[in-house]
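Below is one structure; the comments refer to it alone.
We count residues from 1, following the sequence as given. Note that this is a predicted model, so its numbers are computed, not measured.
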Amino acid sequence: MVRDTIANIITSIRNADINGKGRVRIAYTNITKNIVKILLREGFIEKARKHQEGNKYFLVLTLRHRRNRKGPYKNILNLKRISRPGLRIYSNYQRIPRILGGMGIVILSTSRGIMTDREARLEGIGGEILCYIW
């Protein structure tokens, strides 16, 4: 049985955002921790905290929502998984795509860790394209 933790994170955040939930709980791993750090730094989520239940650790994320006069919440997150276990997508630093002309971010897994497209271009390294966020 293959488990794709990155797809699970993206799906959990997307579903919580669509349904107007304020918080979402995801499993704690090194990959999820690094992706959540990027989401915090880029301003897509408000805060994250580590939570323990028994001997398992979870990350509890507080999502950022915009108030809309006509409805209670308006979703602001769009996430798309690109590379998956059955089809890995790699890119060098010159061919990393720009999402909405630089408004969105691309999260990459490089030899120097998980980073955004801007950081990878500055360092001149490419890697596996994990997901798009806009």
Side-chain angles (χ1 to χ4, degrees):
M1 182 170 130
V2 177
R3 288 193 280 175
D4 188 6
T5 57
I6 299 169
N8 290 342
I9 297 166
I10 290 172
T11 303
S12 297
I13 293 173
R14 185 186 313 121
N15 288 342
D17 190 46
I18 288 171
N19 292 323
K21 304 287 184 191
R23 292 193 181 114
V24 63
R25 187 178 83 164
I26 59 173
Y28 180 84
T29 62
N30 286 332
I31 294 173
T32 58
K33 178 183 71 168
N34 292 330
I35 291 175
V36 167
K37 280 183 185 179
I38 290 173
L39 291 175
L40 275 169
R41 190 174 56 225
E42 296 291 328
F44 288 106
I45 57 175
E46 284 186 21
K47 57 184 171 178
R49 65 181 174 87
K50 191 175 176 181
H51 179 68
Q52 181 179 5
E53 287 184 13
N55 59 354
K56 294 183 180 181
Y57 288 97
F58 297 97
L59 284 172
V60 178
L61 309 177
T62 304
L63 301 179
R64 175 166 289 161
H65 288 286
R66 247 186 287 164
R67 288 281 181 189
N68 189 359
R69 292 182 188 173
K70 295 180 183 174
Y73 289 109
K74 182 178 181 183
N75 59 337
I76 59 170
L77 273 178
N78 290 308
L79 300 106
K80 184 176 182 184
R81 175 82 158 120
I82 301 302
S83 185
R84 50 192 170 89
L87 179 65
R88 303 287 186 184
I89 306 293
Y90 296 96
S91 176
N92 62 9
Y93 77 97
Q94 297 162 338
R95 294 184 183 219
I96 297 172
R98 294 186 189 271
I99 306 302
L100 293 177
M103 296 292 288
I105 62 170
V106 177
I107 297 180
L108 292 113
S109 176
T110 66
S111 59
R112 297 184 191 156
I114 295 177
M115 61 180 63
T116 64
D117 55 340
R118 285 180 230 121
E119 295 167 347
R121 281 190 198 97
L122 285 175
E123 294 193 22
I125 55 175
E128 180 183 356
I129 299 175
L130 297 178
C131 62
Y132 297 157
I133 302 171
W134 71 94

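- Between Met115 and Thr110, the shortest heavy-atom distance links the atoms CE-OG1, 3.6 Å.
- Contact annotation: the side chain of His51 never approaches that of Tyr28 to less than 4.5 Å [non-hydrogen atoms, C-beta and beyond].
- When all heavy atoms are compared, the tightest approach of Ala120 to Leu108 is CB-CD1, 4.1 Å.
- In this structure, CZ in Phe58 is found 11.0 Å from OG1 in Thr32, a value given to the nearest 0.5 Å.
- Proximity of Leu39 to Ile13: side-chain heavy atoms (C-beta onward) are separated by under 4.5 Å at one or more points.
- Residues Val36 and Lys33 are not in side-chain contact: their nearest non-hydrogen atoms beyond the backbone lie 4.5 Å or more apart.
- In this structure, Leu40 is a member of the same hydrophobic cluster as Phe44, with clusters built from ILVMFWY side-chain heavy atoms closer than 4.5 Å.
- Between the Arg88 side chain and the Glu128 main chain, no donor and acceptor come within less than 3.5 Å of each other.
- Residues Ser83 and Ile89 come closest through the heavy atom pair OG-N, 3.1 Å.
- Gln52 contributes a side-chain N or O that, together with a main-chain N or O of Gly54, makes up a donor-acceptor pair within less than 3.5 Å.
- Atom CD1 of Ile35 sits about 11.0 Å away from atom CG of Leu59, to the nearest 0.5 Å.
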Yes or no on side-chain contact (heavy atoms from CB on, under 4.5 Å) for Thr11 and Arg14, after CA distance, side-chain angles and deciding distance?
CA-CA 5 Å; Thr11 303; Arg14 185 186 313 121; 4.2 Å; yes
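- Closest approach of Asp117 to Pro97, counting heavy atoms only: OD2-O, 3.9 Å.
- Considering every non-hydrogen atom in both Leu63 and Ala16, the closest pair reads CD1-CB, 3.7 Å.
- Hydrophobic clustering, with ILVMFWY side chains joined whenever heavy atoms are under 4.5 angstrom apart, groups Leu87 together with Ile96.
- Using a 4.5 Å heavy-atom threshold, the side chains of Ile45 and Thr62 count as separate.
- Heavy atoms from other residues, nucleotides or ligands lying under 6.0 Å from CZ of Arg23 number 12 at most.
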Start with the C-alpha distance between Arg118 and Ile105, add both sets of side-chain angles, then the distance that settles side-chain contact (heavy atoms from CB on, under 4.5 Å), and finish with yes or no.
CA-CA 8 Å; Arg118 285 180 230 121; Ile105 62 170; 3.3 Å; yes
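- Expressed to the nearest 0.5 Å, how far OG1 of Thr116 lies from CD1 of Ile133 amounts to 10.0 Å.
- To the nearest 0.5 Å, atom NZ of residue Lys21 and atom CG of residue Asn15 are 11.0 Å apart.
- The same ILVMFWY cluster, assembled from side-chain heavy atoms under 4.5 Å apart, contains both Ile82 and Trp134.
- Under a hydrophobic clustering in which Ile, Leu, Val, Met, Phe, Trp and Tyr are joined whenever their side-chain heavy atoms come within less than 4.5 Å, directly or via other members, Tyr93 and Ile129 fall into the same cluster.
- The two atoms that bring Ile26 and Leu61 nearest to each other are CD1-CD1, 3.9 Å, heavy atoms only.
- No path of Ile, Leu, Val, Met, Phe, Trp and Tyr side chains, each step under 4.5 Å between heavy atoms, connects Ile107 with Ile125, placing them in separate hydrophobic clusters.
- For Ile31, the CD1 atom counts as loosely surrounded, since its 6.0 Å shell holds 12 or fewer non-hydrogen atoms of other residues, nucleotides or ligands.
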Audit row: Arg81, Leu130, side-chain contact (heavy atoms from CB on, under 4.5 Å) steps and yes/no
CA-CA 6 Å; Arg81 175 82 158 120; Leu130 297 178; 3.9 Å; yes
